[in-house]
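Everything numeric in this text was worked out from a predicted model, so none of it was measured. Values below: all heavy atoms of this structure, side chains included; hydrogens, waters and symmetry mates excluded. We count residues from 1, following the sequence as given.
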Amino acid sequence: LGIKPEVSAITESAMRGEIDFRESLARRVALLKGLPVSALQRVYDERLRLSPGAERMLDRFHAAGAHSLLVSGGFTFFTERLKTRVGLHHTLSNVLDVNEGTLTGRVAGDIVDAEAKAGALRDLRGRLPAGLAVAIGDGANDLPLFRAADVSVAYRAKPVVRAQATHALDHSGLDGVANLFA
């Protein structure tokens with residue numbers, strides 16, 4: 001659609017903590033008004049790439065009996081496909097509002113913001129046997145999630161996020177997170 005620079009600028013500003021996530025999300029989703037839902041599949045197929053080491057990290061954690069939760073300020077269209085693709089146990093993300101196969105430019109239902117991310121982790125912890133909760137994030141909207149976890153990992157993150165994390169990984173893949181517990 002030719003809106004990538006505008007979407008990227010809004011996203012970066014939110015990840016640096018300069019604008020509220022809810023405002024950022026509303027502004028970015030509004031730019032998608034009129035887009036056919038079929039275009040999302042093309043984005044998934046052609047553009048979505050896992051971070052290096054993501055599958056190895058999940059395989060190692062799952063082999064150790066860990067439950068995985070992907071909480072994202074992104075969209076269910078993508079997180080549900082990732083759940084199936086990499087064997088995630090749980091996901092929570094935003095639902096794009098659709099009317100007759102076209103995006104309306106709005107989010108349907110509650111917005112998954114920083115507090116919703118932390119709440120999802122606390123909720124999952126309450127339903128599972130006691131254990132270590134590890135949170136991985138890169139933007140300012142992950143800071144409440146970090147506070148809800150026992151261990152937080154800033155992965156290729158903004159400086160404000162690295163400063164508040166238990167660990168920071170800037171040069172390895174996500175499988176480096178599993179190495180922290182080896």
Decide yes or no for [X] and [Y]: does some side-chain heavy atom of the first lie under 4.5 Å from some side-chain heavy atom of the second?
{"X": "N141", "Y": "D113", "value": "no"}
{"X": "R162", "Y": "P159", "value": "yes"}
{"X": "R47", "Y": "R42", "value": "no"}
{"X": "V37", "Y": "T102", "value": "no"}
{"X": "F21", "Y": "I111", "value": "yes"}
{"X": "L25", "Y": "V112", "value": "no"}
{"X": "V29", "Y": "T104", "value": "no"}

Indicate, with yes or no, if [Y] and [X] share a hydrophobic cluster defined by side-chain heavy-atom contacts under 4.5 Å among Ile, Leu, Val, Met, Phe, Trp and Tyr.
{"X": "F61", "Y": "V86", "answer": "yes"}
{"X": "L121", "Y": "L92", "answer": "yes"}
{"X": "L58", "Y": "F78", "answer": "yes"}
{"X": "V177", "Y": "L132", "answer": "yes"}
{"X": "M57", "Y": "Y155", "answer": "yes"}

Pair [X]-[Y], side-chain donor/acceptor within less than 3.5 Å:
{"X": "T91", "Y": "E80", "answer": "yes"}
{"X": "S68", "Y": "H90", "answer": "no"}
{"X": "S93", "Y": "T79", "answer": "yes"}

Residues [X], [Y]: salt bridge by 4.0 Å N-O rule:
{"X": "E55", "Y": "R85", "value": "no"}
{"X": "R125", "Y": "D150", "value": "yes"}
{"X": "D170", "Y": "R156", "value": "no"}
{"X": "K117", "Y": "D142", "value": "yes"}

Pairwise distance [atom1]([X]) to [atom2]([Y]) - rounded to 0.5 angstrom:
{"X": "N179", "Y": "S172", "atom1": "CG", "atom2": "OG", "value": "7.5 Å"}
{"X": "N94", "Y": "R106", "atom1": "CG", "atom2": "CZ", "value": "14.5 Å"}
{"X": "R22", "Y": "R27", "atom1": "CZ", "atom2": "CZ", "value": "16.0 Å"}
{"X": "L145", "Y": "I136", "atom1": "CG", "atom2": "CD1", "value": "9.5 Å"}

Practice item. Could you label the plane-to-plane angle of the H89 and H67 rings as parallel, tilted or perpendicular, counting under 30° as parallel and over 60° as perpendicular? Key: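 Geometry flag for H67 against H89: tilted rings.
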
Using a 3.5 Å distance criterion without hydrogens, assess whether the side chain of [X] forms a donor-acceptor pair with backbone atoms of [Y].
{"X": "S13", "Y": "A9", "answer": "no"}
{"X": "T166", "Y": "S152", "answer": "yes"}
{"X": "S24", "Y": "D20", "answer": "no"}

Can you name the nearest heavy-atom pair linking [X] to [Y], along with the distance?
{"X": "G137", "Y": "A157", "result": "O-CB, 4.0 Å"}
{"X": "V161", "Y": "D138", "result": "CG2-O, 3.6 Å"}
{"X": "D175", "Y": "R60", "result": "O-NH1, 3.9 Å"}
{"X": "A133", "Y": "A149", "result": "O-CB, 3.5 Å"}
{"X": "P144", "Y": "E115", "result": "CG-OE2, 3.5 Å"}

Point to revise | Pair L169-V153, side-chain contact (heavy atoms from CB on, under 4.5 Å): steps then yes or no | key: CA-CA 7 Å; L169 297 176; V153 181; 4.1 Å; yes

Exercise for review: Check the pair D97, K33 against salt bridge (Lys or Arg N to Asp or Glu O under 4.0 Å), reporting the backbone distance first and the verdict last.
Suggested key: CA-CA 10 Å; D97 188 51; K33 184 176 182 178; over 6 Å; no

Check your understanding: Are there more than 12 heavy atoms of other residues, nucleotides or ligands under 6.0 Å from atom CZ of R127?
Key -> yes

Check your understanding: More than 12 foreign heavy atoms under 6.0 Å from CD of E100: is that the case here?
Key ->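 It does not: E100 CD has 12 such atoms or fewer within range.
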
**Study point:** Worked check of side-chain contact (heavy atoms from CB on, under 4.5 Å) between I10 and L31
**Key:** CA-CA 11 Å; I10 295 167; L31 294 170; 4.1 Å; yes

**Study point:** side-chain contact (heavy atoms from CB on, under 4.5 Å) assessment of L69 paired with L88
**Key:** CA-CA 7 Å; L69 166 67; L88 297 165; over 6 Å; no

**Study point:** side-chain contact (heavy atoms from CB on, under 4.5 Å) assessment of R28 paired with E6
**Key:** CA-CA 8 Å; R28 288 179 286 149; E6 192 171 355; over 6 Å; no

Review point. Do the numbers put R81 on top of the ring of F77, so that NZ or CZ is under 6.0 Å from the six-membered ring centre and no more than 45° off the axis?
Key: yes

